[in-house]
There are 2 protein chains.
Amino acid sequence: MPWELDNDRPIYLQLMERIQHDIISGVYKPGDKIPSVRDLALDAAVNPNTMQKALSELERSGLLYSQRTSGRFITDDEKLLKKMKMDLASEHIHQFFEQMHHLGFSDDETLEMIQDVLRREQYGTDS
Amino acid sequence: MPWELDNDRPIYLQLMERIQHDIISGVYKPGDKIPSVRDLALDAAVNPNTMQKALSELERSGLLYSQRTSGRFITDDEKLLKKMKMDLASEHIHQFFEQMHHLGFSDDETLEMIQDVLRREQYGTDS
DNA sequence: ATGATTGTACTATATCTATAATACAGTTTA
DNA sequence: TAAACTGTATTATAGATATAGTACAATCAT
């Protein structure tokens with residue numbers, strides 16, 4: 001299926017984020033070979049050049065490495081994977097609170113809204 | 001001071017978000033006249049055309065309206081302002097949990113991480 | 001050995017974005 | 001009344017982005 005992409009940001013950046021999340025969350029396992037540029041591009045419904053750009057940019061973080069003629073692989077460094085997972089989560093949390101703060105919600109108010117949402121989802125999505 | 005803008009997304013979109021937040025969080029009060037296109041552009045260190053685009057796009061949401069020769073004003077509709085504030089907050093919350101879920105964190109795990117972060121900030125930023 | 005697959009490179013083209021530089025009609029201000 | 005300011009419009013230019021199409025050398029599978 002085509003990946004969910006919006007037109008508000010460069011596609012290659014969105015591809016990078018998606019793949020990074022897939023690596024870090026374990027969709028691809030350490031050491032795994034990932035699909036070829038062309039296959040990934042086909043899956044994402046995107047030009048191969050765009051996917052190539054996303055992947056080569058991603059290599060700079062060390063999550064991926066390419067073997068020029070045999071394919072592209074996930075790093076074996078599980079410590080790095082775990083670290084990036086925690087770093088990303090922390091980043092998401094801080095950005096979220098920054099947005100809420102800018103909207104005028106304090107940390108406590110934000111926490112309450114979150115708990116409300118979670119409670120509501122626990123007992124069903126309607127009402 | 002120049003506004004905080006990154007190069008990953010179109011500037012006019014970032015301006016829109018910033019101004020929208022400023023309206024909704026009350027930096028600009030209902031009925032207020034906001035600074036002119038040129039002044040805002042100067043403040044943001046951005047081309048007047050770019051600011052003009054951001055403002056005219058923003059008008060479609062109803063938060064602003066322009067009087068062609070006298071200036072641009074915040075809506076008086078406080079009900080709309082409150083609604084947009086809650087809608088935006090809700091959107092931020094859902095997007096945040098979606099990101100965390102994609103990283104592999106459950107709702108409960110995410111909530112715990114948040115509480116950790118808040119506890120840590122309560123007792124000082126170091127350590 | 002042969003053919004398919006791999007990452008990579010290159011050119012060309014179209015669109016979007018951002019800036020610069022003007023211009024104009026109506027309103028406000030002094 | 002005259003000058004300054006308002007939103008808006010226009011043209012031109014430069015850069016980033018996305019796609020299309022093609023090519024090549026090394027490796028892998030059969």
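Here is the naming used below: chain letters follow the sequence lines, and residue numbers restart at 1 for every chain.
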What is the separation between atom [atom1] on [X] and atom [atom2] on [N], rounded to the nearest whole Å?
| X | N | atom1 | atom2 | value |
| --- | --- | --- | --- | --- |
| F73(A) | dT6(C) | CZ | P | 11 Å |
| M51(B) | dA20(C) | CE | C1' | 17 Å |
| N47(B) | dT17(C) | CG | P | 15 Å |
| I11(B) | dT17(D) | CD1 | C1' | 15 Å |
| D6(B) | dT17(C) | CG | C1' | 14 Å |
| D8(A) | dT17(D) | CG | P | 15 Å |
| R9(B) | dA18(C) | CZ | P | 11 Å |
| Y65(A) | dT8(C) | OH | C1' | 18 Å |

Worksheet entry | Test applied, side-chain contact (heavy atoms from CB on, under 4.5 Å); reference residue, I114(A); option that passes from I114(B), D107(B), T110(B) |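 Checked I114(B), D107(B), T110(B) against I114(A); only one passes side-chain contact (heavy atoms from CB on, under 4.5 Å): I114(B).
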Practice prompt. Salt-bridge test for E59(A) and R72(A): reply yes if a basic N is under 4.0 Å from a carboxylate O, no otherwise.
Written response: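 A salt bridge is present here (some side-chain N lies under 4.0 Å from a carboxylate O).
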Discussion item. Tell me whether R119(A) is salt-bridged to D116(A), with the criterion being a basic N under 4.0 Å from an acidic carboxylate O.
Written reply: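 The answer is yes: the pair qualifies as a salt bridge.
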Worksheet item: Where the side chain of T50(A) meets the backbone of V46(A), is there a donor-acceptor pair that is under 3.5 Å apart?
Response: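 Not confirmed, T50(A) side chain does not pair with V46(A) backbone.
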When you check the phosphate oxygens OP1 and OP2 of [N], does a side-chain N or O of [X] lie under 4.0 Å from one of them?
| X | N | answer |
| --- | --- | --- |
| K53(A) | dT17(D) | yes |
| S36(A) | dT5(C) | no |
| S66(B) | dT6(D) | no |
| Y12(B) | dT17(C) | yes |
| R72(A) | dT8(C) | yes |

Item to complete: Measure from NZ or CZ of K33(B) to the centre of the six-membered ring of Y28(B) and say whether it is under 6.0 Å with the direction within 45° of the ring axis.
Response: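 No, cation not above the ring by the 6.0 Å, 45° rule.
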Item to complete: Among dA18(D), dG7(D), dT17(C), find the nucleotide with the atom closest to the side chain of P10(B).
Response: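 Nucleotide nearest to P10(B)'s side chain: dT17(C).
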Worksheet entry | Nearest-neighbour nucleotide for the T50(B) side chain, dA20(C), dA18(C), dG7(C) considered |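 Selected nucleotide (nearest to the side chain): dA18(C).
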Worksheet item: What does the inter-axis angle of the helix from dA1(C)-dT30(D) to dA30(C)-dT1(D) come out as, five pairs per end, nearest 10 degrees?
Response: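 Axis angle across the helix from dA1(C)-dT30(D) to dA30(C)-dT1(D), nearest 10°: 30°.
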Worksheet, complete the sentence: Given protein heavy atoms under 4.0 Å, the one-letter contact record of nucleotides 22-30 of chain C, with B base, S sugar-phosphate only and - none, is simply -B--BS---
Worksheet item: So how far is it from M84(B) CE to K79(B) NZ, rounded to the nearest 0.5 Å?
Response: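 Answer rounded to 0.5 Å: 15.5 Å.
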Practice prompt. Treating Ile, Leu, Val, Met, Phe, Trp and Tyr as nodes and any side-chain heavy-atom pair under 4.5 angstrom as an edge, say whether M16(A) and I34(A) lie in one connected cluster.
Written response: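 Yes, it is one cluster - the side chains of M16(A) and I34(A) are joined through contacts under 4.5 Å.
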Worksheet item: Should we count CG of D6(A) as having more than 12 external heavy atoms under 6.0 Å?
Response: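 Yes - once you tally the heavy atoms of other residues, nucleotides and ligands closer than 6.0 Å, there are more than 12.
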Discussion item. With ring pair (Phe, Tyr, Trp, His ring centres under 6.0 Å) as the criterion, how do H101(B) and H92(A) come out once you've worked through the C-alpha distance, each side chain's angles and the decisive distance to 0.1 Å?
Written reply: CA-CA 11 Å; H101(B) 200 252; H92(A) 285 323; over 10 Å; no
Worksheet item: Can you find a pair of side-chain heavy atoms, one from P48(B) and one from M51(B), that are under 4.5 Å apart?
Response: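 No, side chains not in contact.
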